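One structure is given here, and the rest of the page talks about it.
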Amino acid sequence: MNVEEYGMYVWRAGDIAPAGTYLRVDNNSFRVVVLEQEGRLPASYDGHIALYCRAPVMDLVNAQFESNHVSSRSQQAR
């Protein structure tokens, strides 16, 4: 799978991918996988080769949530 076919880079299960948030795009599950550091994307365990794309919007949402969570915890400590 490649950029020309999907309009974005697609990784397969087992590929080593950079840290980030990935969305499974080969079926309707839209499974979200968060890699805290570079690592292998997980298998589907459903007999199909799972395909993932980066979900940069989810990276931003996760970062915003973590930022808000940390700041609300620090305010509670006061």
Side-chain angles (χ1 to χ4, degrees):
M1 303 302 148
N2 57 35
V3 176
E4 293 82 29
E5 190 170 344
Y6 286 95
M8 65 188 83
Y9 191 82
V10 177
W11 286 267
R12 295 192 305 176
D15 286 350
I16 296 175
T21 305
Y22 295 83
L23 184 65
R24 185 171 173 190
V25 295
D26 63 298
N27 66 12
N28 290 332
S29 72
F30 299 108
R31 176 183 180 188
V32 174
V33 174
V34 178
L35 296 179
E36 297 292 329
Q37 59 188 20
E38 180 179 81
R40 293 192 186 277
L41 290 164
S44 64
Y45 300 108
D46 64 4
H48 300 280
I49 296 174
L51 301 175
Y52 297 93
C53 71
R54 275 304 282 272
V57 171
M58 291 301 292
D59 285 336
L60 293 173
V61 169
N62 289 337
Q64 183 65 39
F65 172 78
E66 290 172 7
S67 173
N68 288 342
H69 184 68
V70 168
S71 90
S72 69
R73 286 178 44 200
S74 63
Q75 287 176 358
Q76 290 173 355
R78 292 183 188 174

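What you are looking at is a predicted structure, and each value in this text was computed from that prediction instead of being measured.
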| task | May I ask you to decide if A17's main-chain N or O and D15's side chain share a donor-acceptor pair within less than 3.5 Å? | result | no

| Test: R54 cationic atom under 6.0 Å from Y22 six-membered ring centre, within 45° of axis | yes

Where [X] and [Y] come nearest, the two heavy atoms and their spacing:
| X | Y | result |
| --- | --- | --- |
| W11 | P18 | CZ2-CD, 4.1 Å |
| P42 | A50 | O-CB, 4.3 Å |
| I16 | E38 | CG2-CG, 3.5 Å |

| task | For a side chain to side chain contact (heavy atoms under 4.5 Å, CB included) with S29, tell me which candidate from D26, V32, V25, N27 qualifies. | result | N27

| query | Going hydrophobic residue to hydrophobic residue with side-chain gaps under 4.5 angstrom, can you get from V34 over to F30? | reply | yes

| task | Any chance you could measure R31, atom CZ, to D46, atom CG, to the nearest 0.5 Å? | result | 9.5 Å

| Atom CG in L23, atom OG1 in T21: separation rounded to 0.5 Å? | 10.0 Å

